[in-house]
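As C-alpha cells, the structure follows; a few thoughts come after it.
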Amino acid sequence: MAFAAPKETFSGKVFEVIIGTDKTAVFGGENVLSFHAFEGNVPHRPVIAYEVQDIVPDDWPETVKKVYDSVSGDPVTWAKYCQDTLNAKAIALRLLSTHPDRENRSPEDAAKTVKDVLAAINVPLIILGSNHAEKDSSVLVAVSEAAKDKNCIIGKAQEGNYKTIAAAAMANNHKLIAMSELDINLSKQLNILITQMGFDKEKLITDPMCSALGYGLEYTYSVMERIRLAALTQNDATMQPPMLADVGMYVWKIKETQASDAELPLWGSLAERGITWEAVTAASLLMSGAELLIMRHPEAVKAVEKFIDELM
Amino acid sequence: MALTGVEIFKLLPKTNCKKCGHPTCLAFAMKLAQRQASLDACPDVSEEAKRILGEASAPPIRPITLGAGDKAVKMGEETVLFRHEKKFVNPCAFAVEVKDSMSDDEINKVVDEVLNSEIDRVGQKLRIDAIFVSNASNDAGKFESVVKGIASKAPAVPLIISTNNPAAAEAALKNIADKKPLLYGADESNAEAMANVAKAYKASLGVTARGLDALSALTEKIKGLGVEDIVLDSGARSAKEMLEANTFIRRAAIKKNFKALGYPVITFVQRDDKMLESLVATLGVTKYSSIVVLSSIEKWKNLALFTLRQNIYTDPQVPMQVEQKIYKIGEPTPESPLTITTNFSLTYFIVSGEIENSKVPCRLAVMDCEGLSVLTAWAAGKFTASKIAQFIQESGIENEIKHKELIIPGYVAILSGAIEDKLPGWKVTVGPREANGLPAFLRSKV
Ligand code: SF4
C-alpha cells in the first residue's frame, strides 16, 4: 500500500493579534496546530515577552535575580535593559507592588510607573496586575487609562473582576488577557462573558493558567491542546483567541529552580537546571498551542527562540 | 482499524449459546469492540473470524521491547494522538550516544553516567534507558570490542547498535544476542543483509530512509524478509522535519491503520548547544518519539526530561489526587506551622509551591477529599469540621509537634469554630484565601 501523507485541514483559525504602536508584535493567525506549517498556514512566530516588575525581585532565585541586579531597582531601567540589551520583542510589566501583601501601592502609583515605562520603550507592553482579583480591578482600570491608545495587553481579567477590567481595556483600545483556572469550559465561559459586554473577541488572549514542569504542566498542556482543537475543528470563535503561557512566575518558585547542587547532588548544576526548567516548560507549552510567552531568564529565552527558529 | 460491535457480531456463530458468559453473541461482540472481553471466551468461533479479528485488533503501533530483564523498555502500542483522549502508553526511552571512536576513558565515563542516572521522582524510578553505540570508527573489530566492553560494564542496560555495515553489525551482535538489542542502520542499500543479521541474533531492526514514502516501502520489504520488530527513522533531523514526520507517522498508523508505518519511532536530537538539545528532546517526548537519542546526559538535563516524560505520560483520566498524609516542606521543627488543604493535586502543587516560596519550613496536612479543591470539597461535605478533626487526630501529628495550632484555608474560615469544638485544646487560625497569600502570611507567623 502506498503512503499518502495524512494531512488535516481545518475550518477554524486562530485570531491574529497585533500589539504595540511603534515597534509592533504579531502572533496567532494560524489555521493548524502548533508549527504544523506542512498542512496549513502559520504566518507568525510565537512572541516571547520579558517579565519586568515594579518591585525589586527579592523572591526570585539567585540564578535569575542576579541577571537583573543592576537594573531591577527601577522598572524603567529594567524595561530598557530588556529592550536594548536583551532585544526583547515585548515587555511584560508586572505591577506586583500593588498587592496588598506587598507594598499595597495605589492605582495612581501604578499608572505613573506604566507611563514612565511606556515613555522609555518602543516595543509593545503587556501590563499585568498583582493577581489579587479585587485590587487588580482598580489598578488595571487606572493603568488602562494611563496607557490609552498604546495598544497594550492588559491582564488578567478573571471571573471575579472581568467587568471593570474589560470595560477599561475596551475604552482605551487595549487587548485583554482572560484567565481562568485550568478548565476548558471555564475559559470558554469567561471569553463569552467578556464578549457579551461588547468586547471584540479578536482582541482577547486566553490564559488557561500556566503550570511549571513537574507541577501540573500536563494539565496546562492538555487544556491548551483541547482549546486549540476546539478552535480549529469546531470553528468555535470563543476558543479562537491566541493563548498565553505565563511561564516565568510559575517556574522560578519551585524547588527545582532553587535547591543548590550541594543540597541535591543528583539534580545537577542549579544554574543550568533552572534555565532548562524554564525553557522546557516554555517549549512544551509551545507544542500544545501557546503563542505568547512571558519569561524571565535571557538564556532560557534564547534557547526557546532557537527552538522556534528550528521549527519555523 | 478497530471493528464496530456490529461488524464483529457478523463474524460470530450467532447461536447465543452463552458459553462466553454473555447472554447473546451481540452482547459479547459489543464487549469485544470495547476491548472488555477476549475472543478466546467463545469456543465456537471460526478460524476465519479469528484471523480477521486478530488483524483488526492488533495494536496500530506494534509493541516492541528493547533490551531484556528488569531494565527492558517497552515501546509502541500507542492508540491516540492527544494525551487528553487516553493515556499515552509506553513512555519514550532516552538513549545516549557513545561513539566507538571515543577513548576508553570517555566511553567509561558515559557508561558510568548512565549507570548513575537513576532518580526517584514522585515514586517512580527514572533513568537513562539505553546506550546508543555507533560505529563511527568504521572498524568492525573496534566496534565489536567497544560493544562487548559496554555490555560487560552495564549488563542490564539495553543497547542500540548503530552501523550500516552488516559485517560490523554481526561482529557487535554476536556477543550480546541474549540482550534483545536494537540494530539500527538498515537502509535501501543493505536491507537484506541487515535483516538477516537481525534475524540471526533476534534483534529488532531500526530502518532509515529519506521520506515516509521510501520508509514505508522499506518496512514492507523488511517485513517480507521476516523481520517484524521494526523501529522507524524518518531521516528527519531538524525540529521542523521531526514534527512533520512524527505527526504523519502517528496519524497514518492510528487513523488510517497504515501498517507499514505502525512501528515505534527513533529520533535523533544531538546538538552542540545542550540547552537547545533539551528542547528538541521536548519535541520528541511530546510529539510521538519512542526513542530519543541524546549526545550527553548532564544531570540537570536528565531531571528536566524525566519530569517532562512523566508529566506527558500520566493518565489524564485518573483523578488528580495526591496521597493523604502530612507533608514536610523544608525542614520543619516541632514549632513550625501546620497548615491543611485538600488532596486535589493542583491544590497541593500550588499550596506546597507557595509554602516553599515562603522559605518558612512547614507541615502541610493533605486530606483525602477525593481529589476536590478546597471550596468544592467543602461544598460537597468532604472537607468538614468533623472530618478535619478526625484526620488530625488520627494522623498522630500531636506527638510530633509542640504546638496545637492549625492553619486552615481562608475559603473555609467558617469552619474554624466547629473545628476547635471537635479538636479540644487546638487553636484554629484562618489563613489566606488564595495560596499566593501564603508567603506573606507564613513569614508573619515566625
Ligand atoms: S460463546 Fe460464542 S456463540 Fe456462544 S453466545 Fe458467546 S459469542 Fe455467541
Side-chain angles (χ1 to χ4, degrees), chain A residues 1-8 33-38 59 99 101-102 131-132 181-182 211-219 221-223 225-226 229 250 253-256 258 265-270 272-273 275-277 279-280 283-284 287-288 299-300 302-304 306-307 310-312, chain B residues 82-84 119 121-122 212-213 215-217 220 238-240 243-244 247-248 251-252 255-256 258-261 273-276 278-280 282-283 285-287 298-305 307-308 310-312 314 316 320 345-346 349-350 353-354 356-357 432 434 436-437 439-441:
Chain A
M1 193 160 76
F3 171 77
K7 291 190 183 181
E8 289 180 3
L33 294 168
S34 312
F35 304 103
H36 284 40
F38 49 82
D59 54 345
H99 196 287
D101 293 341
R102 302 298 285 259
N131 214 11
H132 184 277
E181 294 190 0
L182 285 175
S211 340
L213 175 62
Y215 293 82
L217 175 78
E218 67 272 30
Y219 305 130
Y221 184 92
S222 282
V223 172
E225 254 183 2
R226 292 180 61 200
L229 285 166
Y250 287 91
K253 66 178 182 189
I254 59 166
K255 194 169 183 182
E256 282 79 353
Q258 317 216 12
L266 286 177
W267 286 10
S269 146
L270 170 61
E272 275 137 327
R273 190 196 322 136
I275 295 166
T276 311
W277 220 263
V280 168
S284 44
M287 298 322 302
S288 65
E299 295 301 320
K302 250 187 249 164
V304 176
K306 278 192 208 163
F307 180 54
E310 250 200 76
L311 276 162
M312 293 295 288
Chain B
F82 301 103
R83 63 175 295 285
H84 64 262
I119 292 174
R121 194 173 189 288
V122 209
L212 300 183
D213 262 332
L215 187 61
S216 348
E220 300 264 72
S238 75
K240 182 185 166 83
L243 178 63
E244 174 175 346
T247 303
F248 282 159
R251 275 190 200 154
K255 294 184 140 179
K256 310 279 180 208
F258 185 69
K259 293 289 180 200
L261 293 179
D273 177 340
K274 300 307 167 206
M275 202 71 73
L276 179 62
S278 312
L279 303 189
V280 184
T282 296
L283 171 63
V285 174
T286 54
K287 291 291 168 183
E298 296 83 354
K299 288 191 162 65
W300 49 268
K301 192 163 87 185
N302 293 353
L303 185 68
L305 293 178
T307 307
L308 177 71
Q310 196 174 39
N311 283 175
I312 295 297
T314 52
M320 311 189 260
S345 56
L346 273 181
F349 284 138
I350 293 168
E354 291 295 352
E356 279 193 9
N357 215 8
E434 296 292 344
N436 65 12
F441 177 84

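Throughout, protein chains are lettered first and strands after them, A, B, ... in sequence-line order, and every chain is numbered starting at 1. Because the structure is a prediction, the values reported are computed rather than measured.
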Ala260(B) backbone acceptor or donor facing Glu220(B) side chain under 3.5 Å: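 Judged by distance alone, no pair lies under 3.5 Å.
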Segment of [X] engaging chain A (4.5 angstrom heavy-atom cut-off):
{"X": "Thr286(B)", "value": "both"}
{"X": "Asn302(B)", "value": "neither"}
{"X": "Glu244(B)", "value": "both"}

Select, from [options], the one with the greatest count of heavy-atom pairs under 4.5 Å involving chain A.
{"options": "Arg251(B), Glu356(B), Gln310(B)", "answer": "Arg251(B)"}
{"options": "Leu261(B), Asp213(B), Thr282(B), Leu279(B)", "answer": "Leu279(B)"}
{"options": "Leu215(B), Asn436(B), Leu243(B), Ile119(B)", "answer": "Leu243(B)"}
{"options": "Gly353(B), Ala304(B), Gly437(B)", "answer": "Ala304(B)"}
{"options": "Phe349(B), Trp300(B), Phe82(B)", "answer": "Trp300(B)"}

Over 12 foreign heavy atoms within 6.0 Å of CD, Glu298(B):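 Counting other residues, nucleotides and ligands, CD of Glu298(B) exceeds 12 neighbours.
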Tell me, for [X] versus chain B, whether the close heavy atoms (under 4.5 Å) come from the side chain, the backbone, both or neither.
{"X": "Trp277(A)", "result": "side chain"}
{"X": "Val223(A)", "result": "neither"}
{"X": "Leu213(A)", "result": "both"}
{"X": "Lys7(A)", "result": "both"}
{"X": "Leu270(A)", "result": "neither"}
{"X": "Ser34(A)", "result": "backbone"}
{"X": "Tyr215(A)", "result": "both"}
{"X": "His132(A)", "result": "neither"}

Of all the heavy-atom pairs spanning [X] and [Y], show the shortest one and how long it is.
{"X": "Ser284(A)", "Y": "Leu217(A)", "answer": "OG-CD2, 3.5 Å"}
{"X": "Phe441(B)", "Y": "Pro432(B)", "answer": "CG-CD, 3.7 Å"}
{"X": "Gly216(A)", "Y": "Ser211(A)", "answer": "O-OG, 3.1 Å"}

To the nearest 0.5 angstrom, please state how far the [atom1] atom of [X] sits from the [atom2] atom of [Y].
{"X": "Arg273(A)", "Y": "Gln258(A)", "atom1": "CZ", "atom2": "CD", "result": "10.0 Å"}
{"X": "Lys240(B)", "Y": "Phe38(A)", "atom1": "NZ", "atom2": "CZ", "result": "9.0 Å"}
{"X": "Ser222(A)", "Y": "Arg83(B)", "atom1": "OG", "atom2": "CZ", "result": "3.5 Å"}

Basic-acidic side-chain contact under 4.0 Å: Lys255(B), Glu8(A):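 Result for this pair is yes, salt bridge flagged.
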Interface residue of largest heavy-atom contact number with chain B, from Lys302(A), Met287(A), His99(A), under 4.5 Å: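 Looking at each of Lys302(A), Met287(A), His99(A) in turn, Met287(A) comes out on top.
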Residue selection (most heavy-atom pairs with chain B, distance under 4.5 Å) from Arg226(A), Arg102(A), Glu181(A):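 Most pairs with chain B among the choices: Arg226(A).
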Ring-ring centroid check Phe258(B) Phe3(A), cutoff 6.0 Å: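 Aromatic pair counts; centres sit under 6.0 Å.
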For Glu310(A), all residues meeting side chain to side chain contact (heavy atoms under 4.5 Å, CB included), sequence neighbours excluded: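 Result, side chain to side chain contact (heavy atoms under 4.5 Å, CB included) vs Glu310(A): Ser238(B), Ala239(B), Arg271(B), Leu276(B), Val280(B).
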